[in-house]
Chemist: 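Sharing a structure here in structure tokens format.
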Amino acid sequence: MQHRGSGVADQRRLRGRYRLHRRRPAMTSPSTTGVRTRFCPSPTGMVHVGLLRTALFNWAHARHTGGTFVFRIEDTDASRDSEESYRHLLDSLRWLGLEWDEGPEVGGPHGPYRQSERHEVYREVAQALLAAGHAYESFSTNEEVEARRLAAGQDPKLGYDNADRFLTDEQKAAFRAEGREPVLRLRMPDEDLTWTDLVRGEIRFAAGSVPDFVVVRANGVPLYPFVNPVDDALMGITDVLRGEDLLPSTPRQLALYAALTDIGVASGAPRFGHLPYVTGEGNKKLSKRDPQSNVDVYRERGFVPEGFANYLALLGWSIAEDRDVFSMAEMAEAFDVTRVSANPARFDLRKAEAINATHLRALPVEDFTERVVPFLARAGLVADPPTAEQRRVLGAIAPLAQERMIVLSDAVGLLGFLFVEDVEVDPAAAAKQLAGPEAAEVLDAAQTALRELPDWTTAAIETALKEALVEGLGRKPRQAFGPVRVAVSGRTVSPPLYESIELLGRERTLARLAAARVAVPG
RNA sequence: GCCCCCAUCGUCUAGCGGUCCAGGACGCCGCCCUUUCAAGGCGGUAGCACGGGUUCGAACCCCGUUGGGGGCACCA
């Protein structure tokens, strides 16, 4: 990625060149263009479902408005960031189908898109803020602030008391003489800070309720509440959709934007939309420690991106009164941020599975088959790529298996019996279907019926088994076929029986019936 | 403690003053179909937190209460 000049004047020029006009807070409409949204995670560990939902909504908002979706990496914390989780982030976004228009590996006119490559920019902007008097040097230590609040009979939790706002040069010099280095704080305005939140409407913070905050550390390292808006401004972000947890920091950002606008780095504040939390069991926000919050878990279980994205979208948004299954394209078409719910949404695994199952069934069979292969291969059931014979079996069984699965990994348990020499019979299934003398009779009759069957076809197998078991033994279908199914597939749930037997072939079928017969107690 | 957000079936939601004795989905429970299990079809179960207003009329507007959640770093 190219690094360009980064002086403030440079930035101003660049912005003048690339930036689109900012709009006043207003409800979005499809005809409005120039919307620029962004997704800006920090690469510290696993990808959280709430994080991905935020990305999805930003993507959808950009696509719906014909705008631009920007991806920026906030890797300013070297101790927690890792290249591995950076790669993983890109991979997860792409997996879900969230292609970004500007960002890492794609480039764009506002790069670089990794904060670790933008230090110069922040330094310049901070200096400009200081020079213009919007920021000032502050020498107070936390201990001193706390002591002052206590002395004034106030709650120390109130934080910094703006005491260093009007330090004279002599005072500053004295502090420096003591060996102190100042932090840079932004001077908060003396008026209420309000905005019209895209999802929550009017929000107001009283003047004086937010203290002057640190913008650059004493050691010169800029802080998140500073670099984040600076990058947004420089990248021309018009709509900030982020988690509700950042709502309380919005007043500070508004103040920063006012200052940035004054010095020509920004032109007004973006619109903000604070998305509700995704919660887990209970009502607590889904913790990073909760295994349910890790997107990889779903991916590895074989959720398809279409299904997972669909479910994620349902966490706070609905496409219509009587519908909840839709594609990404349909979402982009219909998405309206102002209709996102402000309520926290509980991640409901059962519903996620149901939505996924629907998408799985809607897949063209060939597509479905392709997606199942890696799961079977990983389980050691088929070669990768599968052999011609394995392909033949897969092609035949896939359409029958498709509607019986919820996630792709279900294929391992459902189809495994077709790709091994001997089945391992599920003990619970055996207990249920391979117990008493009735089962033994059924297995004997089935072996007899199939042993000399001239045509090894589904139709012939069906006729033979029905004649032998239903008519011959007078069994009800469920009693007749239950033991056979378990003997052959090892489970009580399998693809349709006759087709399965045909695919399995005479030899393995008879061997399994015999093995099951021997295993029947008594 | 201070500030902020939220409040419709168990869960996710529709509802943006009358068409709501509140609609859909997941779950759950029946029934049908059926070679098991699913899938599919049909039906059922269950909700506007509470109290005041405003209004001819309130799930929808306002205030309060209660309850839940979040934020208050030289972390992102």
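Every chain is numbered from 1 and lettered A, B, ... according to where its sequence line falls, protein lines coming before strand lines.
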Chemist: For the backbone of A/H119 and the side chain of A/R123, can you confirm whether one donor and one acceptor N or O come within less than 3.5 Å of each other?
Modeler: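 No; judged by distance alone, with no hydrogens or angles, the pair does not exist.
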Chemist: Does OP1 or OP2 of B/C75 have a side-chain N or O of A/R217 closer than 4.0 Å?
Modeler: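 Looking at the OP1 and OP2 atoms of B/C75, one of them is under 4.0 Å from a side-chain N or O of A/R217.
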Chemist: Nearest to the side chain of A/R361 - B/U35, B/C74, B/G40?
Modeler: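 Closest nucleotide among those given: B/G40.
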Chemist: So, OP1 or OP2 of B/C28: does either fall under 4.0 Å of a side-chain N or O from A/R350?
Modeler: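 Answer is yes, contact under 4.0 Å.
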Chemist: Mind checking who B/G1 pairs with, Watson-Crick or G-U wobble, both distances under 3.5 Å?
Modeler: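 Check on B/G1: paired to B/C72, both distances under 3.5 Å.
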Chemist: Is the distance from OP1 or OP2 of B/G69 to the nearest side-chain N or O of A/K284 less than 4.0 Å?
Modeler: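 Result: yes.
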Chemist: Among B/C12, B/C5, B/G68, which nucleotide has an atom closest to any side-chain atom of A/I203?
Modeler: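 Selected nucleotide: B/C5.
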Chemist: Could you check whether A/D212 pairs with A/R187 (Lys NZ or Arg NE/NH1/NH2 to Asp/Glu carboxylate O, under 4.0 Å)?
Modeler: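 Salt bridge: no.
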Chemist: Could you please name the partner base of B/A49, counting Watson-Crick and G-U wobble pairs only when both distances are under 3.5 Å?
Modeler: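 B/A49 is paired, partner B/U65.
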Chemist: Is the closest side-chain donor-acceptor distance between A/D231 and A/Y122 under 3.5 Å?
Modeler: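 A/D231 vs A/Y122: donor-acceptor pair found between side chains.
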Chemist: From CD of A/Q154 over to C1' of B/G1, roughly how many Å is that when rounded to an integer?
Modeler: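 The distance from CD of A/Q154 to C1' of B/G1 comes to 13 Å, rounded to the nearest Å.
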Chemist: Tell me what A/S42 touches on the nucleic acid: a base, only sugar-phosphate, or nothing, going by heavy atoms under 4.0 Å.
Modeler: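 Sugar-phosphate contact only - A/S42 comes under 4.0 Å of backbone atoms but never of a base.
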Chemist: With P as the reference atom in both, quote the distance from B/C16 to B/A39 in angstrom, rounded to an integer.
Modeler: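 That atom pair is separated by 34 Å.
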Chemist: Which is true for A/A342 with a 4.0 Å heavy-atom rule: it touches a base, it touches only sugar-phosphate, or it touches nothing?
Modeler: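 Sugar-phosphate contact only - A/A342 comes under 4.0 Å of backbone atoms but never of a base.
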Chemist: Does any nucleotide pair with B/A25 by Watson-Crick or G-U wobble geometry, both distances under 3.5 Å, and what is it?
Modeler: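 WC or wobble partner is B/U11.
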Chemist: Show the nearest heavy-atom pair for residues A/G302 and A/F375, with the distance to one decimal.
Modeler: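 Where A/G302 meets A/F375 most closely, the heavy atoms are CA-CZ, 3.4 Å.
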Chemist: With a 4.0 Å cut-off on heavy atoms, is A/V214 in touch with a base, just the backbone sugar-phosphate, or nothing at all?
Modeler: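 Sugar-phosphate, no base atom in range.
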Chemist: Under 4.0 Å: is that the gap between some side-chain N or O of A/N343 and OP1 or OP2 of B/G69?
Modeler: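 False: A/N343 side-chain N/O out of range (4.0 Å or more) of B/G69 OP1/OP2.
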Chemist: Suppose we define a pair by two distances each less than 3.5 Å, Watson-Crick or G-U wobble; what does B/C37 pair with here?
Modeler: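 Pairing partner, where one exists within any strand: none, as none qualifies.
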Chemist: Between A/N219 and A/E403, just flag the one whose closest nucleotide in RNA chain B comes earlier from the 5' side.
Modeler: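 Nearest nucleotide further toward 5': that of A/E403.
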Chemist: Under 4.0 Å, counting only non-hydrogen atoms across every strand here, what does A/Y311 touch: a base, just sugar-phosphate, or nothing?
Modeler: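 Contact class for A/Y311: none.
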Chemist: Give me the distance, rounded to whole Å, that separates B/C12 from B/U8 when you measure between the C1' atoms they each carry.
Modeler: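 That atom pair is separated by 12 Å.
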Chemist: Checking all strands, does A/L465 fall into the base, sugar-phosphate, or nothing category for heavy-atom contacts under 4.0 angstrom?
Modeler: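 No contact.
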Chemist: Under 4.0 angstrom, heavy atoms only, what part of the nucleic acid is A/D155 near: base, sugar-phosphate, or nothing?
Modeler: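 Base, at least one base heavy atom under 4.0 Å.
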Chemist: Within 45° of the axis and under 6.0 Å from the centre of the six-membered ring of A/F347, does NZ or CZ of A/R53 qualify?
Modeler: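 A/R53 over A/F347 ring: no.
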Chemist: For B/U55, give its Watson-Crick or G-U wobble partner with both distances under 3.5 Å, or none.
Modeler: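 B/U55 is paired with nothing.
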Chemist: With rounding to the closest Å, how many angstrom separate the P atoms on B/A59 and B/C9?
Modeler: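 After rounding to an integer number of Å, I get 15 Å for this pair.
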Chemist: Quick check: any donor-acceptor pair below 3.5 Å linking the side-chain of A/R346 to the base of B/U11?
Modeler: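 Between B/U11 and A/R346, which were checked side chain against base, a qualifying N/O pair under 3.5 Å is absent.
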Chemist: Could you tell me the Watson-Crick or G-U partner of B/C16, where both distances fall under 3.5 Å? Say none if there is no partner.
Modeler: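 When the pairing criteria are applied, nothing turns out to pair with B/C16, so the answer is none.
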Chemist: If the cut-off is 4.0 Å, is A/R475 near the phosphate of B/U35, judged by side-chain N/O to OP1 or OP2?
Modeler: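 Answer no for this pair, as no side-chain N or O of A/R475 is under 4.0 Å from OP1 or OP2.
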Chemist: Between A/K285 and B/G71, is there a side-chain N or O to OP1/OP2 distance below 4.0 Å?
Modeler: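 Yes, because at least one side-chain N or O of A/K285 sits under 4.0 Å from OP1 or OP2 of B/G71.
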Chemist: Rounded to whole angstrom, note down the P distance from B/C60 over to B/U55.
Modeler: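 Looking at atom P only, B/C60 and B/U55 are 16 Å apart.
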Chemist: Among B/U35, B/G69, B/C4, find the nucleotide with the atom closest to the side chain of A/L497.
Modeler: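 Given the options B/U35, B/G69, B/C4, the side chain of A/L497 is closest to B/U35.
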Chemist: By the 4.0 Å heavy-atom rule, please label A/F205 as base, sugar-phosphate, or nothing.
Modeler: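 Answer is sugar-phosphate: A/F205 comes under 4.0 Å of backbone atoms only.
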Chemist: Between B/C56 and B/C32, how far apart are the C1' atoms? Round to whole Å, please.
Modeler: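 My reading of the C1' atoms in B/C32 and B/C56 gives 49 Å.
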Chemist: Quick check on RNA chain B: between A/L247 and A/E499, whose nearest nucleotide comes earlier from the 5' end?
Modeler: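 Its nearest nucleotide being more 5', the pick is A/L247.
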Chemist: May I ask you to check if A/R252 and A/F213 form a cation-pi contact, with NZ or CZ under 6.0 angstrom from the six-membered ring centre and within 45° of the axis?
Modeler: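 Pair A/R252/A/F213 counts as cation-pi.
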Chemist: Does a distance-only test, which skips hydrogens and angles, find a donor-acceptor pair under 3.5 Å between the side chain of A/R404 and the base of B/U36?
Modeler: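 Pair found.
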Chemist: With a 4.0 Å cut-off on heavy atoms, is A/T76 in touch with a base, just the backbone sugar-phosphate, or nothing at all?
Modeler: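 Sugar-phosphate, no base atom in range.
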Chemist: Please identify which of these residues, A/V215, A/V216, A/L184, A/V125, meets the side-chain contact (heavy atoms from CB on, under 4.5 Å) condition with A/L130.
Modeler: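 Single pass found, and it is A/L184.
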Chemist: Indicate, yes or no, whether a donor-acceptor pair under 3.5 Å links the base of B/U34 to the side chain of A/R478.
Modeler: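 Side chain to base: no pair below 3.5 Å.
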